[in-house]
Number of protein chains: 2
Amino acid sequence: MSNPLVRKLENFVRLSPEEKQALEKIAQPTRRLGAREDVARDGDRLRHVNVVLEGWACRYKQLEDGRRQVISIFLPGDLCDPHVFVLRKTDHSLGTLTSVVLAEISETAIREVALQYPRLAEALWWEMLVTAAIQREWTVSLGQRLATERLGHLFCELFLRLRAVGLTSETSCEFPITQADLGDAMGLSTVHINRTLKELRAAGLIRLRGRQLTIPDFPALQAASLFDPSYLHYERDPSVLDDD
Amino acid sequence: MSNPLVRKLENFVRLSPEEKQALEKIAQPTRRLGAREDVARDGDRLRHVNVVLEGWACRYKQLEDGRRQVISIFLPGDLCDPHVFVLRKTDHSLGTLTSVVLAEISETAIREVALQYPRLAEALWWEMLVTAAIQREWTVSLGQRLATERLGHLFCELFLRLRAVGLTSETSCEFPITQADLGDAMGLSTVHINRTLKELRAAGLIRLRGRQLTIPDFPALQAASLFDPSYLHYERDPSVLDDD
DNA sequence: GCAAAAAGTTAACCTCCGTTAGTTCCGCAC
DNA sequence: GTGCGGAACTAACGGAGGTTAACTTTTTGC
């Protein structure tokens, strides 16, 4: 299967064979990690951009007293550290949720590709801005949505993001993370995550067993979670002719 | 007093007189709004970057049923919409909290300045990345911090951000927003904001009366709120010689 | 294939925060 | 000064979600 970064960016701009090739060349697997390992720690100086090729990772922050917040979830095709170029130290940690394969791209490699292929530069901008939009939507979820809405909203988001890189079937996808991690991401206790999952299952909105999530009726879950996908900005630029 | 955008960026890079002049030239006041007005609405197509010159503004999102989340607070010197260049529609609204003076900068003006002055381009990158870091920290606050910590943390953040543009005295600053807006930003009800303010006042951590906030003992408030300012990335680049 | 560890599940109790419904205070217009 | 409207403040009650402490199921290691 082709490179998930290529598949992801093609949701925004149409890429030529050379552009795809250039991207694939710099996004080759360079590092493999097990589940629950740290890629980088709060305060580290970063040397390259990490791209997830396989598995799930996350940004997180740990408070002095141990409380942990998962700030973002990274799926195959996601760039983890676009800030590497300007800021000297990270202000958060980067860890794996499952076992993960990463591409570590150097600053110069990214700069060169962006200079040579302006459309790739634009696509990378898009990726960065969508990441920011997702972060804003998480702010809304944590601030306003109830537990059921919050979880349902996350399922909708992750399903669409996985679909964008070809990792879903019609109604289901892998869902390999623990309820404890879900809790850290949603600002809820594990116990309450469990209660809420039970409720969503009872309402027939999801099935979740053994790392497999099924959303039998997406519009229903969407309505129950007040999910509006426009923040994902997945519509392809209409000014780019689509001729395959 | 000089331009707040210039003052803000100088917290990161040292700017030459020409660089300052170029920045000031494109960040001139072009629009004045009253309190509680919308600058742009969810779904709008944006044509320029808005920079706050005076007053406080915010990003917010309103759910179908009326619940409102303030996603970011913008102070003088802040850029509101760096995404204008790539994404076609906003996914959130932009509104004023107080009366506001804006500079509306066109895409081309920003591009030209960034091309001509690489150090300004870098400074604008920094500003964008710090904005993202602030967003991540809000995620942590909403997900993990209790009401007192959450409010205290916000006070610490806003005080430092205002100080970076010269809008504080030794221990106090203007604080012109209502408890209702504070609630929408912190994901708390107005009633609970009020209760929590009472508690912070009783603990001697803040004074807040008539749009004026005083933090008599910053380290004390910082400790009580688990506030670590490193995410604001305010240390100036040491590779840039500082010779005034 | 078995033991051990990790993850999922549930119940009882408690607390932080929301809701409702007020009252009080303050700024402003006239 | 008086009257008005918005913001600040308070009390009583209720509910969403946290905590503790189990028990069960699944996964992992050897």
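Note on naming: letters A, B, ... go to the chains in the order of the sequence lines (proteins, then strands), and numbering restarts at 1 for each one.
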N/O contacts under 3.5 Å, protein versus nucleotides 16-21 of chain C?
from: dC17(C); atom 1: OP1; to: Ala147(B); atom 2: N; distance (Å): 3.1
from: dC17(C); atom 1: OP2; to: His192(B); atom 2: NE2; distance (Å): 3.2
from: dC17(C); atom 1: O5'; to: His192(B); atom 2: NE2; distance (Å): 3.3
from: dG18(C); atom 1: OP1; to: Gly187(B); atom 2: O; distance (Å): 3.3
from: dG18(C); atom 1: OP1; to: Ser189(B); atom 2: N; distance (Å): 3.2
from: dG18(C); atom 1: OP2; to: Ser189(B); atom 2: N; distance (Å): 3.0
from: dG18(C); atom 1: OP2; to: Ser189(B); atom 2: OG; distance (Å): 3.0
from: dG18(C); atom 1: N7; to: Arg195(B); atom 2: NH2; distance (Å): 2.8
from: dG18(C); atom 1: O6; to: Arg195(B); atom 2: NH1; distance (Å): 3.3
from: dG18(C); atom 1: O6; to: Arg195(B); atom 2: NH2; distance (Å): 3.4

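As rounded to whole Å, 12 Å separates atom C1' of dA7(D) from atom CG of Leu208(B). Atoms CD (Glu199(A)) and P (dA16(D)) sit 9 Å apart, rounded to a whole Å. Atom-to-atom, CD1 of Ile177(A) to P of dT26(D) comes out at 20 Å; the value is rounded to the nearest Å. Per the geometry, CD belonging to Gln212(A) stands 16 Å off P belonging to dT26(D), to the nearest Å. In this structure, Leu197(A) places its CG atom 9 Å from P of dG8(C), rounding to the nearest Å.
Atom CG of Leu97(A) sits about 9.5 Å away from atom CG of Leu75(A), to the nearest 0.5 Å. Atoms SG and CG, from Cys156(B) and Leu226(B) in turn, are 10.0 Å apart once rounded to the nearest 0.5 Å.
Put simply, the side chain of Leu102(B) does not reach to within 4.5 Å of the side chain of Leu53(B), judged on heavy atoms. A 4.5 Å side-chain heavy-atom check between Leu23(A) and Asn3(A) finds every atom pair outside the cut-off. Counting heavy atoms from C-beta on, the side chains of Thr171(B) and Arg207(B) never come closer than 4.5 Å.
If you look at Tyr234(A) and Phe12(A), their ring centroids are not closer than 6.0 Å.
As judged by a 4.0 angstrom heavy-atom cut-off over every strand, Arg201(A) is placed among residues touching the sugar-phosphate backbone only.
Regarding contacts with the backbone of dA8(D), every side-chain N or O of Asn194(B) stays at 4.0 angstrom or more from both OP1 and OP2. Taking 4.0 angstrom as the limit, Lys198(B) places a side-chain polar atom (N or O) nearer than this to OP1 or OP2 of dT10(D). Side-chain N/O atoms of Arg209(A) include none lying less than 4.0 angstrom from OP1 or OP2 on dA7(C).
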